[in-house]
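The structure appears below as structure tokens.
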Amino acid sequence: MDYLRNRHFWFGLFIFVITIFLSIAIYLHWVNVGFRVGPYYITHWFSWVGVLFIALFTPIYYVVKRRRPQLLPNLILFHTYGNLLSYLSISTHFASQLGRPAAFYPDLGTGIALYLVMLILVLTGFLHRFQIVSRLVPHQNRFLHISITTAFYVVIIVHILEGLRII
């Protein structure tokens with residue numbers, strides 16, 4: 001249980017808990033995010049920034065950690081906190097969609113799939129990063145995390161194409 005003494009574990013957990021509370025507050029309309037910035041709602045901007053970070057930084061992370069292993073300590077922090085903050089920003093959008101009135105309720109099809117993929121990515125990434133389950137099931141969590149990353153790319157492409165009404 002070395003992770004309990006790791007300040008990055010506690011800060012990452014703090015971001016995750018803040019994400020849960022902020023999502024509940026947005027869903028229950030305690031926090032107003034129903035305003036536009038330009039042509040789109042603020043939560044759309046948040047989710048796009050979050051998805052872009054994950055979609056662009058993940059392959060960069062994969063390549064750089066292998067080509068420049070000396071950068072890994074800083075790279076892993078950027079990966080961990082960047083993805084947690086991206087998940088927070090995506091969660092604001094998801095919570096605002098779920099909190100819409102029945103008359104304006106969206107079709108959540110790929111949105112739910114994408115959010116579940118994101119949640120699994122965050123959880124498996126957290127478990128892998130802090131080696132919480134690696135002693136029990138070595139390499140299984142890493143395999144799941146990488147596999148779900150692939151699913152993320154597939155689902156996000158379908159979600160965007162649906163949003164643009166191409167499919």
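Model, not experiment: these values are computed from the prediction.
With a 4.5 Å cut-off on side-chain heavy atoms, His44 and Gln97 count as touching. Residues Leu121 and His145 are in side-chain contact: their nearest non-hydrogen atoms beyond the backbone lie under 4.5 Å apart. No side-chain heavy atom of Met118 sits under 4.5 Å from any side-chain heavy atom of Leu123.
Apart from Tyr41 itself, the hydrophobic cluster it occupies contains nothing, where clustering links Ile, Leu, Val, Met, Phe, Trp and Tyr at side-chain heavy-atom distances under 4.5 Å. Members clustered with Val49: none, using a 4.5 Å side-chain heavy-atom cutoff among hydrophobic residues.
Within a 6.0 Å sphere centred on CZ of Phe104, heavy atoms belonging to other residues, nucleotides or ligands number 12 at most.
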Indicate every side-chain donor-acceptor pair of residues 57-76 with a distance under 3.5 Å to a residue at least two apart or in another chain.
unit_1	atom_1	unit_2	atom_2	d
Thr58	OG1	Ile54	O	2.7
Arg66	NH1	Tyr62	O	3.2

Under 3.5 Å, which donor-acceptor pairs do the side chains of residues 151-166 form with other protein atoms, sequence neighbours left out?
unit_1	atom_1	unit_2	atom_2	d
Tyr153	OH	Ala55	O	2.9
His159	ND1	Thr110	OG1	2.7
Glu162	OE1	Thr110	OG1	2.7

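What you find for Gly12 and Leu84 is that their closest heavy atoms are CA-CD1, 3.6 Å.
Residues Leu88 and Leu52 do not share a hydrophobic cluster, clusters being chains of Ile/Leu/Val/Met/Phe/Trp/Tyr side chains in contact below 4.5 Å. Val31 and Val37 fall within a single hydrophobic cluster, where Ile, Leu, Val, Met, Phe, Trp and Tyr are joined by side-chain heavy atoms under 4.5 Å apart, directly or via other members. Residues Leu56 and Val51 are members of separate hydrophobic clusters, defined by side-chain heavy-atom contacts under 4.5 angstrom among Ile, Leu, Val, Met, Phe, Trp and Tyr.
Counting only residues at least two apart or on different chains, the side chain to side chain donor-acceptor pair (under 3.5 Å) pairs with a member in residues 83-94 are His79-Asn83, Tyr87-Tyr115, Ser91-Tyr115. Applying the side chain to side chain donor-acceptor pair (under 3.5 Å) definition to pairs two or more places apart or across chains, those involving residues 8-17 are His8-Tyr81. Pairs passing the side chain to side chain donor-acceptor pair (under 3.5 Å) check and including a residue from residues 14-31, sequence neighbours excluded, do not occur. The salt bridge (Lys or Arg N to Asp or Glu O under 4.0 Å) pairs that include a residue from residues 3-18 are Asp2-Arg5, where partners are two or more places apart or lie in different chains.
Among residues two or more places apart in sequence or in another chain, the ring pair (Phe, Tyr, Trp, His ring centres under 6.0 Å) test is passed with Tyr40 by Trp45, Trp48. Judged as a side-chain contact (heavy atoms from CB on, under 4.5 Å), and not counting sequence neighbours, the contacts of Leu116 are Ile112.
With values rounded to the nearest 0.5 angstrom, Thr80 atom OG1 is found 10.5 Å from Leu85 atom CG. Remark: Phe46 CZ to Ile26 CD1 distance equals 8.0 Å, nearest 0.5 Å. Atom CG of Leu144 is separated from atom CG of Leu127 by 9.5 Å, given to the nearest 0.5 angstrom.
Exactly one residue among Phe126, Phe9, Phe130 makes a ring-ring contact (aromatic ring centres under 6.0 Å, His included) with Tyr3. That residue is Phe9.
In this structure, Phe53 has its ring center closer than 6.0 angstrom to the ring center of Phe78.
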